[in-house]
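Every heavy atom of this structure was used, including side-chain atoms; hydrogens, water molecules and symmetry mates were not. Naming: A, B, ... by sequence-line order, numbering from 1 per chain. Note that the structure is a prediction, hence the values are computed from the model and not measured.
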Protein chains: 2
Amino acid sequence: MSLKERKVAEKKEEIIRMAIHVLSEKGYHGTTMEEIATNLLMTKGTVYYYFKDKQELLYHSQIMLLNRSLQQIQEVKQQQIPVEEKLKKSIIAHIEYLLEERSGFELMLKPEQIFSSEQLAVIFKLRDTYGEFFDQMITEGIEENVFHAADVKVVRNIILGAMNWVTQWYKEDGQKSRKELAEDIAVYLQRILIKQEENKWK
Amino acid sequence: MSLKERKVAEKKEEIIRMAIHVLSEKGYHGTTMEEIATNLLMTKGTVYYYFKDKQELLYHSQIMLLNRSLQQIQEVKQQQIPVEEKLKKSIIAHIEYLLEERSGFELMLKPEQIFSSEQLAVIFKLRDTYGEFFDQMITEGIEENVFHAADVKVVRNIILGAMNWVTQWYKEDGQKSRKELAEDIAVYLQRILIKQEENKWK
DNA sequence: TAGAAAATTAACTTGACAGTAAAAATAGGA
DNA sequence: TCCTATTTTTACTGTCAAGTTAATTTTCTA
């Protein structure tokens, strides 16, 4: 029983991964169920055996991506390091993950066009939880007087925007590795918040 | 003759504007020519009379948006003000325009999925020109020693990303007006580059 | 190893939408 | 007012992809 269930789950995951892959290249409407299936050497019917319809498949793709992101940031959060370090690590982790999946994320842009309101509720909840992690870090930094006071929500979204935009312009051409890029961006974004060294001399 | 031509041009523009509007809500594949037409109280056939096909219509939508952006930033560029002010004004203008059209821009995200390579070349050229304005300001600021040295390309894209992301999260609910929001974001983004006041006291 | 349950396929239906073409309406000048 | 250009509509075709269904194959178990 559990074995069989695991097999089904595995298959589902396989399909979801491919869906993420294809969807990211062609967008929701540009992707056909047939194409997803063919890429996995199966037929459309099989995909429909595991997923009710295209929407549901895409929905699960989003959930998987979001959950993995959440897991990552949760790990960072638990570490016993200064808050500015946490923020930096979170930014780096986010960008690296984004570039790895360079993709699925891109269809997160207009979910209202696609999902049912129940599905949207779940997606937005997860997104929000993710965003709140950043809020917490920012607030913490402000309270500890490491960061400038700021409109937390605005700053959070500046950071998210700058990070998520990376897929739009970064080319994997060797100029800068993903890691280097992520670190650079983290440093620049930190500047928005961190109080300068100079203050310590006053 | 010229009068007739102007009439045609006006009609085309009317269609383009509606196309931008509908496309922005539903995305490229989610938008039908019929819908664009119906919204303008005309029939699909009329739209095809003015535009060869859907792709061409969308293409012209993009060009219009980009050209208007360019015009705006060019105006800012010509002003005789300090470079950090120029940057700030450019950011504010960009965000305000973005929120006004809250829309058409969103389909700029994956143009490769839609346009022919000739069309793409034009679009990318315009985009690039736009980006270069920011590069110039950043470089200028660094040379004048007003800004920190930085990887210009990375910083430019952080700024663009943070700005363009606004459509994803800003709600027109009165908490903050567009103008206030734009100004706040400009201030935060400036911090990435501007050398702090404190330096003057060293 | 028989036979049921699960998984897969092939062939089909359906609907939607891009694009077309010819007819109809509207204008504007002679 | 008639005639020609332009503009608009109507009704159509063709295609493509989502989703279905029944038949077939595979897998598992008693």
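- Base pairing analysis places C:dT26 opposite nothing; no Watson-Crick or G-U wobble pair with both distances below 3.5 Å involves it.
- C:dA18 adopts an anti glycosidic conformation, its chi angle falling more than 90° from 0.
- One can place CD of B:Glu14 at 14 Å from C1' of D:dT8, the figure rounded to the nearest angstrom.
- Pairing for D:dT24 goes to C:dA7, judged as Watson-Crick or G-U wobble with the two contacts each under 3.5 Å.
- Along DNA chain C, the nucleotide closest to B:Lys52 and the one closest to A:Gly45 are compared, and the more 5′ of them pairs with A:Gly45.
- Looking at A:Arg178 and A:Glu172, a side-chain N of the basic residue comes within less than 4.0 Å of a carboxylate O on the acidic one, giving a salt bridge.
- For the OP1/OP2 pair of C:dT8 and a distance below 4.0 Å, the side-chain nitrogens and oxygens of A:Thr46 include no atom meeting the criterion.
- Taking only distance into account, the side chain of A:Lys44 meets the base of D:dG19 through a donor-acceptor pair shorter than 3.5 Å.
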Checklist entry - Which is it for B:Phe147 and B:Leu87 under the side chain to side chain contact (heavy atoms under 4.5 Å, CB included) test, yes or no, and what are the steps along the way? => result CA-CA 11 Å; B:Phe147 292 163; B:Leu87 181 65; 3.9 Å; yes
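- The pair A:Glu85-A:Lys89 does not meet the salt-bridge criterion, since no charged nitrogen lies less than 4.0 angstrom from a carboxylate oxygen.
- In terms of phosphate contacts, B:Thr43 brings a side-chain nitrogen or oxygen within less than 4.0 Å of OP1 or OP2 of D:dT9.
- Here C:dA7 presents its P atom at 11 Å from CD1 of A:Ile15, a figure rounded to the nearest Å.
- Separating the CD atom of A:Glu34 from the P atom of D:dT15 is a distance of 17 Å, rounded to the nearest angstrom.
- To the nearest angstrom, C1' of C:dT9 lies 13 Å from OH of A:Tyr50.
- A:Met33 has its CE atom 20 Å from the P atom of C:dT14, to the nearest Å.
- Within a 6.0 Å radius of CD in B:Gln175, no more than 12 heavy atoms belonging to other residues, nucleotides or ligands are found.
- In this entry the distance linking OH of A:Tyr49 with C1' of D:dA23 reads 15 Å, nearest Å.
- A straight line from CE of A:Met42 to P of D:dT24 spans 22 Å, rounded to a whole angstrom.
- A salt bridge is defined here as a Lys NZ or Arg NE, NH1 or NH2 lying under 4.0 Å from an Asp or Glu carboxylate O, and A:Glu10 with A:Arg6 fails to meet this definition.
- Taking 4.0 angstrom as the limit, A:Lys7 places a side-chain polar atom (N or O) nearer than this to OP1 or OP2 of D:dC28.
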